[in-house]
Structures are given as structure tokens and as C-alpha cells.
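Written out below as C-alpha cells is the structure these notes cover.
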Amino acid sequence: MKALCCFLFLYILSSPSLNEASVPAPTRRHLGPNKDTGVLTDFGFNFDIEINARLIFPSLRLKKAYFAFQEWKKFITSDPQNMLKNWDGADVCSYTGVFCENAPDGSNVMTVAAIDLNHGDIAGQLIPHLGLLTDLSVFHMNSNRFGGPIPSSFSSLTTLYEFDISNNGFDGPFPDVVFDMPNLKYLDLRYNNFEGEIPPQLFDKDLDAIFLNNNRFNSSIPENIGNSNASVIVLANNELKGCIPHSIGQMARLDEIILANNQLKGCLPKELGNLENITVLDLSNNNLMGSIPEGFGNLNCIEMIDIGHNQFTGTVVDAVCTLPKLMNFTFADNFFDVLEEKCDKPVKPELVLDCRQNCLPGKPDQKDETTCKRRKPQKRIPVL
Ligand SMILES: *[C@@H]1O[C@H](CO)[C@@H](O)[C@H](O)[C@H]1NC(C)=O
Ligand SMILES: *[C@@H]1O[C@H](CO)[C@@H](O)[C@H](O)[C@H]1NC(C)=O
Ligand SMILES: *[C@@H]1O[C@H](CO)[C@@H](O)[C@H](O)[C@H]1NC(C)=O
Ligand SMILES: *[C@@H]1O[C@H](CO)[C@@H](O)[C@H](O)[C@H]1NC(C)=O
């Protein structure tokens, strides 16, 4: 996350100062939106006709932006904080929430680099015309009331780096158009009503942060999750099914993964122990079972483990409770029946352990004996 903030900062700092660029003559082509794909070709809209001829724009790109914003306003149905009240006139760079920079292609013209209407409480739709903002690097729309489809013309946003439409009213299947944004690194779709499958392409795209939590995704986690270079993956609060893929162990850059509150089942893949740089692992509130894999003792960077509210059995081992960076280890509401010594009495006083509602003899607030007996794993016949 730090890296993302840093990128933006550098982007803004490194832009050369504005030179008044000559405005190219407007193109008169009138192609109309491409009917097959819905993708706007460069001048797919004949915006010249729509724009008051007396308005003067410092660049053709800003003229296009003006057209896109004016069209967008027609699809805004509520703006209780009056965020868009100054969205009039040719100076689009002074509009609330609109940020201009010199164009990233070095052509020395001003262009719209970012839109940030976070917490606007604005209701409406995203329209195809927004695909005219081809120099956008940031699209932040969190905590509004937008809904409807994400227009396929968003595939024209080839420099988009951060796409955040979290906490809105979007629904339907995963918006595949994000796969057409070649520079996207930060994808935040959380707190919407997207449903159905998490597409495997998601993990073949070079993203740094993936937030899909609090939607209605109900597939399994794609087997290729291990291909992802993401440092943060949050899939919590969906209806994900199936097992945690073994490939997860290949995610060398993974820092945080949160899969809490789904319907995951099966045992933990032993490959989780390969995540030597992971700091946060939250698998709570699923139907996971079996024992803690031995490899957990290798998680030398881990600070927080939550495997609470599952069906785990067996021993909580010292190898985990003595991990050097561990601060918070929650394994409440499982069926663990043995606590090794350093889990019982942690060496580090600042380590928080939550062992409630297990089957641990002598510990307070445990499950009752009959519940524990029912879950006791059958003795396996030793293989010789
Ligand atoms: C997932 O959700 C979709 C759409 O809501 C539904 O059609 C489908 O049957 C669900 N699939 C599973 C595996 O639950
Ligand atoms: C991950 O990063 C490597 C090295 O930068 C790159 O070659 C690879 O294509 C990336 N993979 C994905 C799925 O982004
Ligand atoms: C963990 O991080 C270190 C340095 O931060 C890096 O050298 C190492 O390659 C990382 N481990 C993996 C598995 O990527
Ligand atoms: C430890 O983690 C649990 C579960 O994620 C959380 O509820 C609790 O507040 C954390 N405790 C501390 C002291 O950080």
C-alpha cells in the first residue's frame, strides 16, 4: 500500500510544468461507438457538435474530458453534497474531484490524470463517454451510490493504475473489463453486490492489491491464485467454496491474505508454510479442518494469524506460538485438544492468544465434553 501512495506522489511531482500547447484542430470524423465491442474509438463521439463553440480549451484532451463530464452529469440522479456544482465551463481541471497533469505520453498537453469522488454519496451510473479520459491513472469512486454496468469503453483507460469503485451498488458478474486495463495495479471492488465466479484471469494479471471482499462471489478460489504477484488479497465476506489451492505457496510477494467469512472447506495446504514474507493470515469463519501444517513454523514474518471459527483439531504447537513477529494468534472456536507449553504460557508477554471454545482441558470457556468427543478424529492405523 505504501508503494501505491508513493507512486501517486511521484507521478504528481515528476510532471513537468505546464507549457501552453497548441491545440490540434478537432477531428471531424464521426465514427460512433463501435457497435460490436462498445469500445470507443478515439473520436467515437462527435463531441464538437455538442459543445458550445464559444468555449475555449487548452487541449483537445480537455475538450473531450469536458464532453465526457457533461454527459456523465446527465446520468447523475442524486448529489446530496453538491460535489458537482462547479462541473460547468471549460476549465475542467478546476472541477471538484478532477485532477490534471501533463499527459503521460510526453506530448506536453494538460490532461485529466485523476478523478476522486470518494465519499460523495452520489447516485448514478458510469457511462461509456468516460472512456474518453484515456490518460486517467486514478479512478476513485468509493462510498457513492453508483450502479449498473462498468462500460466496456473503460478498456480505453490504458494508463489506469488504481480503480476503486468500492462501497457502491454495482452488481452482476465480475467486471471483466478490468482485464483490458494493461497498467492496472490496484483493484478495489469491495462492498458491492458482484456475484458468481471469481475469474482465474484475475490471478494472471499483474496486480499489487486485490480487494473483492463483501460481495457475493460464490465460486471456489481459482487454482492459479499462486500466479499472482499481489501483496494484498482480500476475499473475505463472500460465499467462496472449496479448498484453498496448493499453489498459494508460490506467492512470494504475498504480505496479507484475508479469506475470512466464506464457506471454504478441507485441510490447510502445507504449502502455506512457504509464505516466508507473509504478515497477516486470516482464515477465520470457514469450515476448514485438520491440523495446523508443520510449515507454519517457518512463517518468520507473520504478525497476525486468525484461524478461529473453523473445525481444526489436534495440537497447537510451540513452533507457531514462538514465531518471532507473532503478536496475535486467534484459534478460538475449533476442536484443538492439546496446547503445547509455550502456547499455554507464551514467552512473549505481548503475544495475544485467543483459545476460547476449543477442547483444551483446564482452560476456561471451552466446548462441552460431548461436542468435543463427537469431533475427536479417529485414530489412524500407523503405516509401517
Ligand atoms: C452462484 O451464484 C450464481 C448467481 O447468483 C448462481 O446462479 C449460481 O447457481 C451460484 N453457484 C453456486 C455454486 O452456488
Ligand atoms: C509477476 O512478476 C514477474 C516478474 O516481474 C512477471 O514476469 C510475471 O509475469 C508476473 N506475473 C503475474 C501473474 O503478474
Ligand atoms: C522476502 O523478502 C525478502 C526481502 O524483503 C526477499 O529477499 C525475499 O526474496 C522474499 N521472499 C520471497 C519468498 O519472495
Ligand atoms: C487479535 O485478532 C483478533 C481477530 O482478528 C481481533 O479481534 C483482536 O482485536 C486482535 N487483538 C489485538 C490485541 O490486536
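When a ligand or atom number is given, it counts from 1 through the structure's own listing order.
Less than 4.0 angstrom separates atom 2 (O) of ligand 4 from at least one non-hydrogen atom of the protein. Less than 4.0 angstrom separates atom 14 (O) of ligand 2 from at least one non-hydrogen atom of the protein.
Heavy atoms of Q201 stay at 4.0 angstrom or farther from ligand 2. Under a 4.0 Å heavy-atom criterion, M304 is in contact with ligand 4. The closest approach between a heavy atom of R216 and any atom of ligand 1 is not below 4.0 Å.
Residue K205 has at least one heavy-atom neighbour below 4.0 Å for each of these atoms of ligand 2: 14 (O). Distances below 4.0 Å separate heavy atoms of V352 from the following atoms of ligand 4: 13 (C). Ligand-side atoms of ligand 2 in range of D204: 13 (C), range being under 4.0 angstrom from any heavy atom. Atoms of ligand 2 lying under 4.0 Å from any heavy atom of F203, numbered from 1 in the order shown and given with element: 13 (C). Against a heavy-atom cut-off of under 4.0 Å, T330 is close to the following atoms of ligand 4: 2 (O), 3 (C), 4 (C).
Rounded to the nearest 0.5 Å, atoms CG (L207) and CD1 (I210) are 5.0 Å apart. With rounding to the nearest 0.5 angstrom, the OH atom of Y95 is 10.0 Å from the SG atom of C100. Here the CG-CG distance, from N238 to L212, works out to 7.0 Å after rounding to the nearest 0.5 Å.
If you check which protein heavy atom lies closest to atom 4 (C) of ligand 2, you get R253 NH2, 3.5 Å. The protein heavy atom nearest to atom 5 (O) of ligand 1 is E195 OE1, 3.3 Å. Scanning the protein for heavy atoms near atom 6 (C) of ligand 2, the closest one is N229 ND2, 4.2 Å.
Among N218, N193, D171, L240, the residue whose heavy atom lies closest to atom 8 (C) of ligand 1 is N218. When the heavy atoms of N328, V280, I258 are ranked by distance to atom 10 (C) of ligand 4, first place goes to N328.
Taking only nitrogen or oxygen atoms, main chain and side chain alike, D282 does not reach within less than 3.5 Å of ligand 4. An N or O contact shorter than 3.5 Å is missing between S228 and ligand 2 by distance. Backbone and side-chain nitrogen or oxygen atoms of D206 are examined, and one is located within less than 3.5 angstrom of a nitrogen or oxygen of ligand 2.
Ring pair F331/F329: centre-to-centre distance below 6.0 Å. You'll find the ring centres of F194 and F174 outside the 6.0 Å limit.
Atom CZ of F179 has more than 12 heavy atoms from other residues, nucleotides or ligands within 6.0 Å.
In terms of modelled atom types and a separation under 3.5 Å, the side chain of N310 and the main chain of N286 share a donor-acceptor contact. Checked by atom type and distance alone, the side chain of N224 never pairs as donor or acceptor with a backbone atom of F203 at under 3.5 Å. Without hydrogens or angle criteria, K241 side chain to E239 main chain gives a donor-acceptor distance under 3.5 Å. Without hydrogens or angle criteria, D171 side chain to E195 main chain gives no donor-acceptor distance under 3.5 Å.
By the 30° and 60° cut-offs, the orientation of the rings of F139 relative to F163 is parallel.
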